[in-house]
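Input: a single structure, listed below in C-alpha cells.
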Number of protein chains: 2
Amino acid sequence: MSRATIFDVATRAGVSIKTVSRVVNNEPNVRETTKERVRKAIRELNYRPDRSARNLASHRSHLITLIYDDPSAYEIPSAGYVIRMQQGALRACRDNDCELLIHPCRYQDKALGAELKTLIEKVRPDGIVLAAPLSNMPNIVRAIGATGTPFVRVSSGRKKNGKHYSVSMNDRECSAEMTRYLASLGHKRIAFLTGHPKHDAVKNRFLGYQDGLQESGVSFSGDLVEAGDNSIRSGEACAEKLLSRKRRPTAIFAANDDMAAGVIRVADRLGIKVPDELSVAGCDDIALAQQVYPALTTIRQPLAAMAERAALALIEHSRGGSDLGGEDVFAASMQIRESTGPAPA
Amino acid sequence: MSRATIFDVATRAGVSIKTVSRVVNNEPNVRETTKERVRKAIRELNYRPDRSARNLASHRSHLITLIYDDPSAYEIPSAGYVIRMQQGALRACRDNDCELLIHPCRYQDKALGAELKTLIEKVRPDGIVLAAPLSNMPNIVRAIGATGTPFVRVSSGRKKNGKHYSVSMNDRECSAEMTRYLASLGHKRIAFLTGHPKHDAVKNRFLGYQDGLQESGVSFSGDLVEAGDNSIRSGEACAEKLLSRKRRPTAIFAANDDMAAGVIRVADRLGIKVPDELSVAGCDDIALAQQVYPALTTIRQPLAAMAERAALALIEHSRGGSDLGGEDVFAASMQIRESTGPAPA
DNA sequence: ATAATAATTGACAGCGCTGGCAGAGTTGTA
DNA sequence: TACAACTCTGCCAGCGCTGTCAATTATTAT
C-alpha cells in the first residue's frame with residue numbers, strides 16, 4: 001500500500017483537499033470540529049505532506065543553507081565551531097518544518113563567489129546563513145546578494161553595514177572585560193597576541209584589549225603586543241619572544257585559544273608555572289581549551305544561539321514575515337578556568 | 001524577469017520539453033546536434049531545473065541523510081569525526097546532483113527510533129548513511145529498516161550482518177599492525193587501554209592488540225590491560241596505575257586518542273620522557289593527536305572516504321542501480337609521529 | 001528497393017500540493 | 001425581516017518537471 005496523499009485524507013475526513021491543506025498549514029478559518037476530523041484522518045492514515053509537491057506549489061523550498069569556511073580543509077581544531085553553528089541552525093529548522101543544507105567551502109578559493117552563486121541557483125534555498133569569516137568578505141556578500149536570496153551574516157566582529165541583517169557578538173566588550181579581569185588580579189604587564197590580520201573578529205579583540213587596559217588604568221605598551229596568525233605555532237613563537245625578556249609579562253591574553261595553547265606549551269617548556277608565574281587567557285572556548293593543562297580561561301561565543309537566531313529570522317522572512325535588517329548582538333561569556341590567577345608578587 | 005523554465009528552453013531550442021529533459025538528465029538517444037542546440041539555449045537562459053518539480057515528477061528527493069551521534073552534545077573533541085564524515089558524504093552528493101541533510105542525534109535517547117522514523121517519513125530521503133555508533137545499535141537499524149528507505153551502515157568495527165550493505169574499517173588488523181610495530185621497536189611490555197564497553201570499534205582494537213602480540217611472539221598479560229571509557233580522564237587514571245608500578249610498561253597503546261593524550265599528560269607530570277622512556281600510541285587521529293606534545297602516533301581512519309562510498313552506493317541505488325548488500329572494508333593507515341620510539345635499554 | 005529494426009522526438013497525463021476565488025453558511029445590525 | 005459582514009469550505013487551475021507511449025525518421029538487412 002502506497003503512502004497516503006492529501007486526497008486520501010480529504011476523502012476519509014469528508015472534506016475537500018483544500019481544507020486538509022488548511023489544517024496542515026495552520027491556516028485560520030477552519031471550524032474546530034472540522035479540524036479535529038481532519039487531524040484524526042491524518043493520524044489514522046499516517047499522512048505526511050509531500051515536500052516536493054508542497055514546495056512546487058508554494059514556491060518555497062523549505063530549505064535553509066548554512067555556508068561556512070570548512071575547518072577540515074586545514075586540519076584545524078575548530079571543527080567545534082562548525083558543529084555548534086550547525087546545532088543552532090538545525091534547531092531553528094527542526095522547529096519550523098525546514099531542513100538545513102550545509103555548504104562548507106574555502107574562503108581562499110578565488111572562484112568561491114561563482115561557486116556559491118551556482119549553488120544557490122541550483123538549490124534555491126529560502127534563506128542563507130553566512131558564517132564568519134565569509135560573512136566579512138565583501139565579494140562573497142556581494143555574490144550572494146546578487147542572487148536575490150535572503151541571507152543573514154553571522155560574525156563575531158561587529159561591522160557597520162546597514163544594508164543586511166546580521167547577527168554578531170560583543171567581541172570588543174568581552175575582550176575588554178577579560179582584560180579588566182586580568183588587571184583586577186593585579187597584573188600590570190598584560191601582553192596581547194594579535195591574530196591573523198584577515199580575520200576581523202580578531203581585530204576587535206585587540207581593540208577590546210586596549211579598552212580594557214584604559215578602563216583599568218593600565219597603560220598600553222606596544223612592546224607587549226606580538227603578532228600571531230591564529231595558529232598554535234604562532235602562539236608558541238610569540239610566547240618565546242615575550243617570555244625570554246628580562247621583564248616578562250605576568251599575563252598573556254591571546255586573540256584565540258590556539259595561540260593561548262601555544263603559550264601554555266612554551267611556558268611549560270621554559271619551566272614557567274601557569275598560573276602561578278604567568279596567567280594565560282584565550283578566546284573562543286574551543287574544545288582544546290579544556291584539554292590543555294591547566295584548563296584555559298577564555299571567552300565563550302554563543303555560536304549556536306547566534307546561528308539559531310539567524311536561521312529563524314530567515315524562516316520568518318520566507319513566510320512573508322518581517323524584513324531583514326539591522327543587527328542583533330549576542331553577549332559572549334567569560335569562562336574562568338585554571339590558567340589565570342593573581343599576579344606574582 | 002522570472003527564472004527560465006524547461007518550456008522556455010524548449011521554445012528557444014525549437015524542441016519539445018521532453019527533449020530538454022533528456023539532455024538535462026543525460027538520457028540516451030538524443031542526436032548530438034540537437035543536444036548542442038539545447039545546451040546552448042540552457043546557457044543563454046541560465047536555466048536551472050527546478051528541484052521540487054523534478055522531485056515531484058520523478059518520485060525521488062535527491063536527498064541523502066547523514067545520521068550520526070552528535071558530539072557537541074557531550075562537548076567532546078571528536079567533532080572532527082563528524083566533519084570528516086560530512087565532508088565525504090558531501091563529496092558524493094555534490095558530484096551527483098544530490099544534497100546532503102544532516103541529522104545529529106543522541107544515541108542514548110530512548111525515543112531515538114521513533115524520532116528517526118518520523119524524520120525519514122517527513123523528509124523521504126533517497127538514502128541514509130548511518131554512522132557509528134548508531135550503526136551498531138540493533139534497535140536503530142531496525143527502526144530505519146522498517147521505513148523501507150535504503151540505508152548504509154558505516155562503522156569502524158566490522159560486524160557480520162549479511163542483510164544490509166555496510167562500510168567498515170579493518171580496525172582489528174590495524175591495531176595488530178600497531179602492536180607489531182611497537183614490538184618491532186623492541187618493546188616487550190606493551191600495555192593496552194580498553195575503551196567504553198558499549199563502543200564496538202574499541203573491542204575490535206583490543207582483539208587486534210592481542211593478535212599483534214601473538215604475531216610478534218610477545219605473550220599477552222592481563223596485568224597490562226587497563227579499562228578506560230574513552231575519555232582523557234580515564235586515560236590519565238589508567239596511566240597512573242600503569243606507570244606507578246615497579247616494572248612499568250615501556251609502551252602504552254590506547255584504544256583511542258583521547259586516552260592516549262591522557263597518558264602523555266600523566267607521563268609528563270611524572271617526569272617520564274616520551275618517547276625515550278615510554279612510547280604512547282593512540283587510535284583515531286583526531287585533531288588533538290597533533291596538538292599534544294609529542295605528537296601522537298596513531299591510526300587514521302579513512303572516514304571521509306567511507307562516508308563517500310556509502311553515499312555513492314545509495315545514490316546509485318536510487319537511480320535504479322545496484323542492490324545494496326555485502327560489505328566494503330576500508331584500510332586505516334598508521335600515522336607514525338613522535339610519541340613512539342625504540343624501547344629503552 | 002522494401003520491409004524490418006533501431007534511433008530520435010513529441011504529446012500528454014499526471015506527480016501532490018497551494019493560491020485565488022467563488023459559494024455557502026453564520027452572525028450581527030437596523 | 002432584511003441586508004451587510006463575516007466565517008467557513010470547495011472548486012479548479014496551475015507549479016515545472018518526468019514517465020509512458022506513440023509517431024516520426026534514420027539505418028540495416030534482405
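Since this is a predicted model, take the numbers as computed values, not measurements. What's counted below: heavy atoms across the whole structure, side chains too, no hydrogens, waters or symmetry copies. In what follows, chains are A, B, ... by sequence order, proteins preceding strands, each numbered from 1.
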Value in whole Å for how far the [atom2] atom of [N] lies from [atom1] of [X]:
X: B/Asp50; N: C/dC17; atom1: CG; atom2: C1'; value: 13 Å
X: A/Lys18; N: D/dC8; atom1: NZ; atom2: P; value: 15 Å
X: B/Glu27; N: D/dT18; atom1: CD; atom2: C1'; value: 8 Å
X: A/Glu32; N: D/dT9; atom1: CD; atom2: P; value: 11 Å
X: A/Arg51; N: C/dT18; atom1: CZ; atom2: C1'; value: 16 Å
X: B/Leu56; N: C/dG14; atom1: CG; atom2: C1'; value: 9 Å
X: A/Lys35; N: D/dC8; atom1: NZ; atom2: C1'; value: 11 Å
X: B/Arg54; N: D/dT18; atom1: CZ; atom2: P; value: 5 Å

Checklist entry - Are side-chain N/O atoms of B/Ser166 and B/Ser168 paired as donor and acceptor at under 3.5 Å? => result no
For [X], all residues meeting side-chain hydrogen bond (donor to acceptor under 3.5 Å, both in side chains), sequence neighbours excluded:
X: B/Asp95; answer: none
X: B/Glu99; answer: none
X: B/Arg309; answer: B/Asp328
X: B/Thr34; answer: none

Out of [options], whichever nucleotide has its closest atom nearest the side chain of [X]:
X: B/Tyr47; options: C/dT18, D/dC17, D/dT9; result: D/dC17
X: B/Ile6; options: D/dT9, C/dG19, D/dC17; result: D/dC17
X: A/Ile17; options: D/dG19, C/dG16, D/dC12; result: D/dC12

Counting only side-chain N and O atoms of [X], is one of them less than 4.0 Å from OP1 or OP2 of [N]?
X: A/Thr19; N: D/dT9; answer: no
X: B/Thr34; N: C/dT9; answer: yes
X: B/Ser21; N: D/dC17; answer: no

Next on the checklist: Taking atom types as they are modelled, would you say the side chain of B/Arg22 forms a donor-acceptor pair with the base of C/dG10 within the 3.5 Å cutoff?
Outcome noted: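 Indeed there is one.
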What's [X] touching, base or sugar-phosphate or nothing? Going by heavy atoms closer than 4.0 Å.
X: A/Asn25; value: sugar-phosphate
X: B/Val15; value: sugar-phosphate
X: A/Pro28; value: nothing

Next on the checklist: Per the salt bridge (charged side-chain N to carboxylate O under 4.0 Å, His left out) rule, what does the pair list look like for residues 126-147 of chain B, sequence neighbours excluded?
Outcome noted: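 Salt bridge (charged side-chain N to carboxylate O under 4.0 Å, His left out) check on residues 126-147 of chain B returns B/Arg60-B/Asp126.
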Checklist outcome for this item: Per nearest nucleotide of DNA chain C, the residue lying toward the 5' end, B/Arg124 or B/Ser16, is B/Ser16
Checklist entry - DNA chain D: B/Val20 or A/Arg37, which has the more 5' nearest nucleotide? => result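 Here A/Arg37 is the residue nearer the 5' end.
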Checklist entry - Hey, which of these two, B/Arg31 or B/Arg48, hits DNA chain D nearer its 5' end, going by closest nucleotide? => result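 The residue whose closest nucleotide sits nearer the 5' end is B/Arg48.
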Checklist entry - Where along residues 57-64 of chain A does a heavy atom fall under 4.0 Å from DNA chain C? => result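 Correct list: A/Ala57, A/Ser58.
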Checklist entry - Mind checking what makes salt bridge (Lys or Arg N to Asp or Glu O under 4.0 Å) contact with A/Arg94, not counting sequence neighbours? => result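 Per chain and number, A/Arg94 pairs via salt bridge (Lys or Arg N to Asp or Glu O under 4.0 Å) with no residue.
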Next on the checklist: A/Arg37: which residues meet the salt bridge (Lys or Arg N to Asp or Glu O under 4.0 Å) condition with it, sequence neighbours left out?
Outcome noted: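 So A/Arg37 forms no salt bridge (Lys or Arg N to Asp or Glu O under 4.0 Å) with any residue.
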Measure all distances between protein nitrogen or oxygen atoms and nitrogen or oxygen atoms of nucleotides 4-7 of chain D, and list the pairs falling under 3.5 Å.
none

Item to check | Qualifying ring pair (Phe, Tyr, Trp, His ring centres under 6.0 Å) pairs with a residue from residues 134-155 of chain B, counting only residues at least two apart or across chains | outcome: B/Phe151-B/His164
Could you pull out all donor-acceptor pairs under 3.5 Å where a side-chain atom in residues 40-52 of chain A meets a protein atom, sequence neighbours excluded?
| from | atom 1 | to | atom 2 | distance (Å) |
| --- | --- | --- | --- | --- |
| A/Lys40 | NZ | A/Glu44 | OE2 | 3.2 |
| A/Glu44 | OE1 | A/Arg12 | NE | 2.6 |
| A/Glu44 | OE1 | A/Arg12 | NH2 | 3.1 |
| A/Asn46 | OD1 | A/Arg48 | NH2 | 3.0 |
| A/Asn46 | ND2 | B/Glu121 | OE2 | 3.3 |
| A/Arg48 | NE | B/Glu121 | OE1 | 3.1 |
| A/Arg48 | NH2 | B/Glu121 | OE1 | 2.8 |
| A/Asp50 | OD1 | A/Ser52 | N | 2.9 |
| A/Asp50 | OD1 | A/Ala53 | N | 2.8 |
| A/Asp50 | OD2 | B/Arg124 | NH1 | 3.4 |

Next on the checklist: Does this structure show an ion pair linking B/Arg319 with B/Glu316, if we count only N-O contacts that are shorter than 4.0 Å?
Outcome noted: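 Not counted as a salt bridge, because no side-chain N and carboxylate O are separated by less than 4.0 Å.
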Item to check | Audit row: A/Arg84, A/Glu308, salt bridge (Lys or Arg N to Asp or Glu O under 4.0 Å) steps and yes/no | outcome: CA-CA 10 Å; A/Arg84 281 160 62 194; A/Glu308 184 176 5; over 6 Å; no
Checklist entry - Using the C1' atoms of five pairs at each end, what's the angle between the two axes of the helix from C/dA1-D/dT30 to C/dA30-D/dT1, to 10 degrees? => result 30°
Checklist entry - B/Ile128 versus B/Ile64: any side-chain heavy-atom pair under 4.5 Å? => result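 Not in contact.
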